2 protein chains.
Amino acid sequence: MSVIQGARERARTEVTAAIKEEARRQLASEGAARLSLRAVARELGMVSSALYRYFPSRDDLFTALIIDAYDAIGAAAEQALAASAGAAPADRWIAVCRAARDWAVDHPHEYALVYGSPVPGYGAPQDTVVPASRVGLALVAVVGDAQHDGVLGPPLGRPLAGPVRADAALLASELAPDLPVPTIAALVAAWAQVFGIVSFEVFGQFNRVVEARGPFFDQAAAALAAQVGLAPSGGPPADGQAGDGDRAGGEQRS
Amino acid sequence: MSVIQGARERARTEVTAAIKEEARRQLASEGAARLSLRAVARELGMVSSALYRYFPSRDDLFTALIIDAYDAIGAAAEQALAASAGAAPADRWIAVCRAARDWAVDHPHEYALVYGSPVPGYGAPQDTVVPASRVGLALVAVVGDAQHDGVLGPPLGRPLAGPVRADAALLASELAPDLPVPTIAALVAAWAQVFGIVSFEVFGQFNRVVEARGPFFDQAAAALAAQVGLAPSGGPPADGQAGDGDRAGGEQRS
DNA sequence: GTCTATAAACCGATAGAC
DNA sequence: GTCTATCGGTTTATAGAC
């Protein structure tokens, strides 16, 4: 790639980034379903048709935003995974969960784009599935490392029903052949449950119910760690009263 | 109310119901954010301005749909609660959770309306908060009945951090003064976690991951029952053959 | 790759006759 | 309480000049 082409490419990359950035702003004010190419162009001082040189259709812009969101929350989780290397498995689990939750709280509209209601008429293309799996794989990695270190206990819960076991066995063969099948089943459930807490917080279901949301989340994440077989590391957090900096404020910021 | 007024009222009720019914159809095809009064009117053979006699604004139609959805899923949960009276607490818990999940799977768009991404620009009025609490209260009732029967154990998990305890204590005083505070905290977490599994199923996150979704849900609900202190009733569902699934590991008192 | 112009729709909400 | 008509916007997407 020549220098001139490099410059051209760079300009294109910058415009593409600006479009996505403005689109994310509109995600906040209008929601995914009403994201409008024209409005994005207007705000950027462009004309609507110019956008089509960057994104052939509204759905393509959409897909780019979705992939970016999955990658961002996945990167946050992976960063916590790496930063916690060597720590007690239950603490690593909590750290990874917490990283995903913190990203979601900081980016509620992008979170809604990927973990909220599907947008009718939009079918996620195949390109989204790998980014979509990153948080889950970070959780698998925590458990896999614990297993490797010989400190993984059995998951809590009753024996698996046949069809559940079959699903889990298939998953295990694909992404973590060394983990016991019941552990995989517990992991999948815990994965969904973590996002249940995050969604309740981000989508406002905890309004007037849970105020200390950070500590509450950590408490629930710790219980989920135990559920998948990660032994608690010892004492509770710092139990103190001092807030962890969480406000209880409204769920929508712009 | 006279007979004539009764007839007039009835007609009004029927039109109102027809509007909501058509609006629910559009919820499915367009999503909440794009629900359009004009389109509803068009489909009903009315003129758009006529709708304003029934719903003063789009947001009011919205609110009605939301309340209906909360009431429907709440009624499903309450019906399972009543139908399971006398059964083992863990089984009642699973039945109530399963009723909510089944309703959600049968009504994905209404479910998305209330448990999915908030619609930007719409602020839920106070009228929605009582209906919104019905499923949660059904779960509280299961645990409260178990406590009343003396078969409620301690919740799993570590001791509560101070702020979490404070929130839970306030909630307990409002809706279940007889339940231990840690139980309330575990209940709130379990409540959110149940909906996490439901949302992952309804919103497509389980595609190509979990296929046996009913049994998987029951498995997870059973684990959550144990988490809030409801002892398992005995054997696994029916289906399970030889499990290497291991039972409860170390119990951590709270 | 940005522009103008255009097609062919759509929207919420209101005024005022009947 | 339904109608017509209207205000003042909005949208996706394309054609074709530059």
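Because the structure is a prediction, the values reported are computed rather than measured. In the text below, chain A, chain B and the rest are named by the order of the sequence lines, each starting its count at 1.
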Over the length of the helix from C:dG1-D:dC18 to C:dC18-D:dG1, how much do the five-pair end axes diverge, rounded to 10 degrees?
0°

Would you indicate which nucleotide in D:dG1, D:dT14, C:dC3 comes nearest to any side-chain atom of B:Arg12?
D:dG1

Among B:Leu65, B:Thr63, B:Leu61, whose side-chain contact (heavy atoms from CB on, under 4.5 Å) with B:Phe55 holds?
B:Leu61

When the distance from CG of B:Leu61 to C1' of C:dG12 is rounded to whole Å, what number comes out?
13 Å

Tell me: CG of A:Leu51 to C1' of D:dT14, nearest whole Å?
14 Å

Start at the 5' end of DNA chain C and walk down; is the nucleotide closest to B:Leu37 or to B:Arg53 reached first?
B:Leu37

Looking at every strand, decide which applies to B:Arg42 at a 4.0 Å heavy-atom threshold: base, sugar-phosphate, or nothing.
sugar-phosphate

Please give, in whole Å, the distance from C:dA13 P to B:Phe55 CZ?
13 Å

Is there, by distance only and without an angle test, a donor paired with an acceptor across the side chain of A:Arg38 and the base of D:dT10 below 3.5 Å?
no

Quick one: is C:dG12 close enough that its OP1 or OP2 comes under 4.0 Å of any side-chain N or O from B:Tyr52?
no

N/O donor-acceptor pair under 3.5 Å between B:Thr128 side chain and B:Ile67 backbone:
no

With respect to the side chain of B:Ala39, which nucleotide from D:dA13, C:dC11, C:dT2 is positioned closest?
C:dC11

N/O donor-acceptor pair under 3.5 Å between A:Ser133 side chain and A:Val130 backbone:
yes

Picking from D:dC3, D:dT11, C:dG12, the nucleotide nearest the side-chain atoms of A:Ser36 would be D:dT11

With respect to B:Phe195, which candidate in B:Tyr115, B:Phe217, B:Phe203 satisfies the ring pair (Phe, Tyr, Trp, His ring centres under 6.0 Å) definition?
B:Tyr115

Rounded to whole angstrom units, what separation is found between the CG atom of B:Asp59 and the P atom of C:dG12?
11 Å

Looking at every strand, decide which applies to B:Leu35 at a 4.0 Å heavy-atom threshold: base, sugar-phosphate, or nothing.
sugar-phosphate

Tell me: OH of A:Tyr122 to C1' of D:dT12, nearest whole Å?
17 Å

Without decimals, in angstroms, what is the distance between B:Arg34 CZ and C:dG12 P?
11 Å

Looking only at the side chain of A:Val47 (C-beta and beyond, no hydrogens), which of the listed nucleotides C:dT4, C:dG12, D:dT11 gets closest?
C:dT4

Spell out, as yes or no, whether a donor-acceptor pair under 3.5 Å connects the side chain of A:Gln219 to the backbone of B:Val164.
no

Would you check if the side chain of A:Asp167 reaches a backbone N or O of B:Val210 as a donor-acceptor pair within less than 3.5 Å?
no

OP1 or OP2 of C:dC3 sitting under 4.0 Å from any side-chain N/O of A:Ser49?
no

Residues forming a ring-ring contact (aromatic ring centres under 6.0 Å, His included) with B:Phe216, sequence neighbours excluded:
B:Phe206

Can a salt bridge be assigned to the pair B:Arg12 and B:Glu9 using a cut-off of 4.0 Å between side-chain N and carboxylate O?
no

Closest nucleotide among D:dT11, C:dA13, C:dC3 to the B:Ser48 side chain
C:dA13

Atom CD of A:Glu30 and atom C1' of C:dC11: how far apart are they, to the nearest Å?
12 Å

